[in-house]
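Taking it in order: structure first as structure tokens, then the write-up.
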Amino acid sequence: MTEALVEHWVDNAKYTGTSARRGEVTNPATGKVTSSVCFADEADARHVIAAAARAARSWGRSSLSTRTRILFRFRELLNARKQELAAIITAEHGKVLDDAAGEVTRGLEVVEFACGMPHLLKGSFSEGVSTGVNVHSKRQPLGVVGIISPFNFPAMVPMWFYPIAIAAGNTVVVKPSEKDPSALIWVAELWKEAGLPDGVFNVLQGDKVAVDALLDSPDVAAVSFVGSTPIARYVYERATANGKRVQALGGAKNHMVVLPDADLDVVADAAVNAGFGSAGERCMAVSVLVTVGPIADDVIDRISARMAKLRVGDGTLGCDMGPLVTKAHRDRVASFVDAGVAAGASLVVDGRAVDVADRPDGFWLGPTLFDNVTPDMSVYTEEIFGPVLSVVRVDTYQQALDLVNANPYGNGVAVFTRDGGVAREFEHDVHVGMIGVNVPIPVPMAYYSFGGWKASLFGDSHAHGVEGVHFFTRGKVVTSRWVDPARSPSSGVALAFPTHD
């Protein structure tokens with residue numbers, strides 16, 4: 001049987017390219033290779049980027065009504081067929097089907113936001129700023145933009161960017177993760193069905209060669225990236241050195257602060273959902289639970305009882321949590337559990353021994369809970385990106401706040417309390433970009449922007465929302481005077497600095 005090949009997408013058609021390099025794509029639940037994916041060489045990358053560059057001028061000058069009509073059509077097609085996309089995600093990433101469908105639904109919110117681009121791109125106009133002088137502003141597309149996407153949300157994360165970029169008049173080249181590359185080819189086919197012209201949406205498969213091509217190409221005006229902090233820093237430094245706009249969203253170590261007055265059943269539900277959903281492979285997953293005062297034992301008991309009921313298995317079979325994305329990643333996460341034990345943390349629930357009898361070769365690691373974790377341990381300092389939840393005990397609210405603020409990451413944080421005054425103070429004082437109050441994963445709606453502070457963001461712009469619109473457009477201000485020669489004599493030569501008197 002011939003192994004399936006996941007190709008590039010250019011000019012509304014699949015493209016194998018000239019490179020013979022390939023990567024393996026596995027089903028994480030079975031451990032079996034299901035397909036191979038093309039890895040672009042420099043010539044393949046130039047070919048795909050060139051197609052986007054050819055299309056950029058005509059698409060950028062297309063009417064807003066044309067763009068939004070296609071976007072609405074894409075939205076309807078995707079909403080009707082999102083279960084197909086969810087099945088593709090589960091087969092290559094491993095997350096359970098409900099989680100995969102939820103990912104697509106959250107991505108659709110950005111598509112819906114981008115459908116309002118005619119309003120979002122409205123400029124301003126001032127009449128009569130001086131005698132016969134008017135001023136107006138406008139926003140115009142950048143041209144070709146590159147999007148480099150991680151493995152954990154192969155559909156949603158690219159949708160943070162490309163609907164807005166396309167609606168604003170840009171063409172895009174998306175580089176998906178080589179671990180789960182098929183989702184974006186399915187999306188590309190849907191764009192074609194929606195009527196998007198050739199060259200507007202392109203997919204470049206591969207590894208670092210493809211990434212560097214986007215960072216270096218003079219035809220690419222801007223790059224959006226989501227991934228680990230070391231790679232986000234690399235993308236930012238290399239792309240900005242080449243004169244590009246960059247929004248590079250990096251890693252996270254998200255805390256959930258629990259105050260003594262919180263509803264502990266709500267806390268336990270939230271901690272399990274936010275810590276172990278999608279096997280912890282979320283940049284917004286809660287990985288640190290900070291308990292304030294004497295409540296830690298009670299919180300841990302409630303969380304442990306809920307963890308005991310979680311079913312780990314194949315995401316297509318109605319389980320609560322699926323496998324990790326690759327064996328290498330599973331082993332990396334397990335090594336952090338080993339390190340936590342060695343450092344003296346209390347292992348309350350050990351996920352290393354989870355047994356999925358009907359899928360013995362899957363990349364399994366069950367939900368794991370540590371207590372008595374200290375800020376010097378690697379389970380606290382590193383972004384594990386797996387189903388590992390660490391409990392840090394502190395005595396006071398101020399100690400909890402200081403702990404969060406001292407962390408080098410600033411992506412997301414949550415506080416659980418019944419005290420509105422304390423919550424308001426926390427919102428103001430915490431050094432984090434996205435804050436949840438009794439909400440464990442504070443992912444904002446698409447009309448607000450997504451992104452963190454400190455080592456969680458490189459660049460000046462967050463994803464989607466108004467910031468996203470401004471990232472994918474550049475502003476112009478036009479000052480104009482139309483003189484009526486019958487009524488306005490020449491003002492003569494004046495070399496002084498112009499004023500509006």
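Values below: every heavy atom of this structure, side chains too, minus hydrogens, waters and symmetry copies. What you see is a predicted model, and the numbers here were worked out from it, not measured in a lab.
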Within a strict 4.5 Å, meaning less than it, do heavy atoms of the [X] and [Y] side chains meet?
X: Arg22; Y: Cys38; result: yes
X: Ser149; Y: Pro158; result: yes
X: Val33; Y: Glu24; result: yes
X: Asn411; Y: Cys283; result: yes
X: Ile303; Y: Arg306; result: no
X: Ser224; Y: Ile148; result: no
X: Thr26; Y: Ser35; result: no
X: Leu64; Y: Arg67; result: yes

Main-chain N/O of [Y] paired with [X] side-chain donor or acceptor, under 3.5 Å:
X: Thr368; Y: Gly351; answer: yes
X: Arg73; Y: Leu196; answer: no
X: Ser461; Y: Glu467; answer: yes
X: Trp364; Y: Ala353; answer: no
X: Thr30; Y: Lys32; answer: yes
X: Arg245; Y: Thr473; answer: yes
X: Asn202; Y: Gly199; answer: yes
X: Gln247; Y: Asp460; answer: no
X: Thr229; Y: Gly251; answer: yes
X: Thr34; Y: Val25; answer: yes

Checking side chain to side chain donor-acceptor pair (under 3.5 Å) between Glu103 and each of Lys95, Arg282, His93, which is the one that passes?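 Result: among Lys95, Arg282, His93, Lys95 is the only option passing the side chain to side chain donor-acceptor pair (under 3.5 Å) with Glu103.
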Which residues share a side-chain contact (heavy atoms from CB on, under 4.5 Å) with [X], sequence neighbours left out:
X: Val349; answer: Ser304, Met307, Leu369
X: Thr105; answer: Lys82
X: Lys122; answer: His119

Work out which heavy atom in [X] is nearest to a heavy atom in [Y]; give both atom names and the distance.
X: Ser278; Y: Asp99; result: CB-OD2, 3.0 Å
X: Ser390; Y: Val373; result: CB-CG2, 3.7 Å
X: Asp198; Y: Ala55; result: O-CB, 3.4 Å
X: Ala463; Y: Leu249; result: CB-CD2, 4.4 Å
X: Pro367; Y: Val312; result: CD-CG2, 3.8 Å
X: Gly280; Y: Ala285; result: O-CB, 3.9 Å

Acceptor/donor pairs from residues 432-441 side chains to any protein atom, 3.5 angstrom cut, sequence neighbours excluded:
residue : atom : partner : partner atom : Å
Asn438  : OD1  : Thr417  : N            : 3.0
Asn438  : ND2  : Thr417  : O            : 3.1

Glu178: side chain to side chain donor-acceptor pair (under 3.5 Å) partners, not counting sequence neighbours: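 Listed in chain order: Lys175.
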Quick one: ring-ring contact (aromatic ring centres under 6.0 Å, His included) pairs with a partner in residues 202-251, sequence neighbours left out?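 Pairs touching residues 202-251 that pass the test: none.
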Can you list every pair that meets ring-ring contact (aromatic ring centres under 6.0 Å, His included) and has a residue in residues 38-83, with sequence neighbours left out?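 ring-ring contact (aromatic ring centres under 6.0 Å, His included) check on residues 38-83 returns Tyr15-His47, Phe74-Trp191.
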Check ion pair [X]-[Y] (N to O, under 4.0 angstrom):
X: Arg54; Y: Asp11; answer: yes
X: Arg21; Y: Asp207; answer: yes
X: Arg81; Y: Glu84; answer: yes
X: Glu189; Y: Lys14; answer: yes

Checking Thr381 against Ser378: is there a side-chain donor and acceptor pair closer than 3.5 Å?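 No, no side-chain donor-acceptor pair sits under 3.5 Å.
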Residue pair Thr316 / Thr90, side-chain donor-acceptor N/O under 3.5 Å: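 Distance-only check fails for Thr316 and Thr90.
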For Glu76, is the CD atom crowded, meaning more than 12 foreign heavy atoms sit under 6.0 Å from it?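 Yes, enclosed.
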For Lys253 and Ile384, run side chain to side chain contact (heavy atoms under 4.5 Å, CB included): C-alpha distance rounded to whole Å, both residues' side-chain angles, the deciding distance at 0.1 Å, then the answer. CA-CA 9 Å; Lys253 197 69 181 179; Ile384 298 173; 4.1 Å; yes
Pairs of donor and acceptor atoms involving the side chains of residues 163-174, under 3.5 Å and at least two apart or interchain, shall be tabulated with distances.
residue : atom : partner : partner atom : Å
Asn170  : OD1  : Leu142  : N            : 2.7
Asn170  : OD1  : Gly143  : N            : 3.0
Asn170  : ND2  : Ala165  : O            : 3.0
Asn170  : ND2  : Phe472  : O            : 2.9
Thr171  : OG1  : Ala52   : O            : 2.9

Under the rule for ring pair (Phe, Tyr, Trp, His ring centres under 6.0 Å), what residues qualify as partners of [X], not counting sequence neighbours?
X: Phe370; value: none
X: Phe153; value: none
X: His255; value: Tyr380

By salt bridge (Lys or Arg N to Asp or Glu O under 4.0 Å), which residues pair with Glu7, not counting sequence neighbours?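 Once residues adjacent in sequence are excluded, Glu7 has no partner under the salt bridge (Lys or Arg N to Asp or Glu O under 4.0 Å) criterion.
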Passes side chain to side chain contact (heavy atoms under 4.5 Å, CB included), Val388 versus Val337? Steps please. CA-CA 8 Å; Val388 180; Val337 182; 4.0 Å; yes
Going through the checks in order, is the salt bridge (charged side-chain N to carboxylate O under 4.0 Å, His left out) test met by Glu92 and Lys179? CA-CA 7 Å; Glu92 292 186 348; Lys179 297 179 178 67; over 6 Å; no
So, do Phe151 and Phe385 have ring centers that fall under 6.0 Å from each other?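 Yes.
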Using the ring centroid of each side chain, check whether Phe471 and His462 are separated by less than 6.0 Å.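 No, the ring centres sit 6.0 Å or more apart.
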Could you walk me through whether Ile89 and Val104 satisfy the side chain to side chain contact (heavy atoms under 4.5 Å, CB included) test, starting with their C-alpha distance in whole Å, then the side-chain angles of each, then the deciding distance to 0.1 Å, before giving a yes or no? CA-CA 10 Å; Ile89 295 167; Val104 179; 4.0 Å; yes
Once you measure the plane-to-plane angle for His431 and Trp453, does it fall in the parallel (<30°), tilted (30-60°) or perpendicular (>60°) bin?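 Parallel, since the angle between the ring planes stays under 30°.
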CA sep, side-chain torsions, deciding dist, call: Glu109, Arg106, salt bridge (charged side-chain N to carboxylate O under 4.0 Å, His left out): CA-CA 5 Å; Glu109 293 173 2; Arg106 287 309 302 264; 2.9 Å; yes
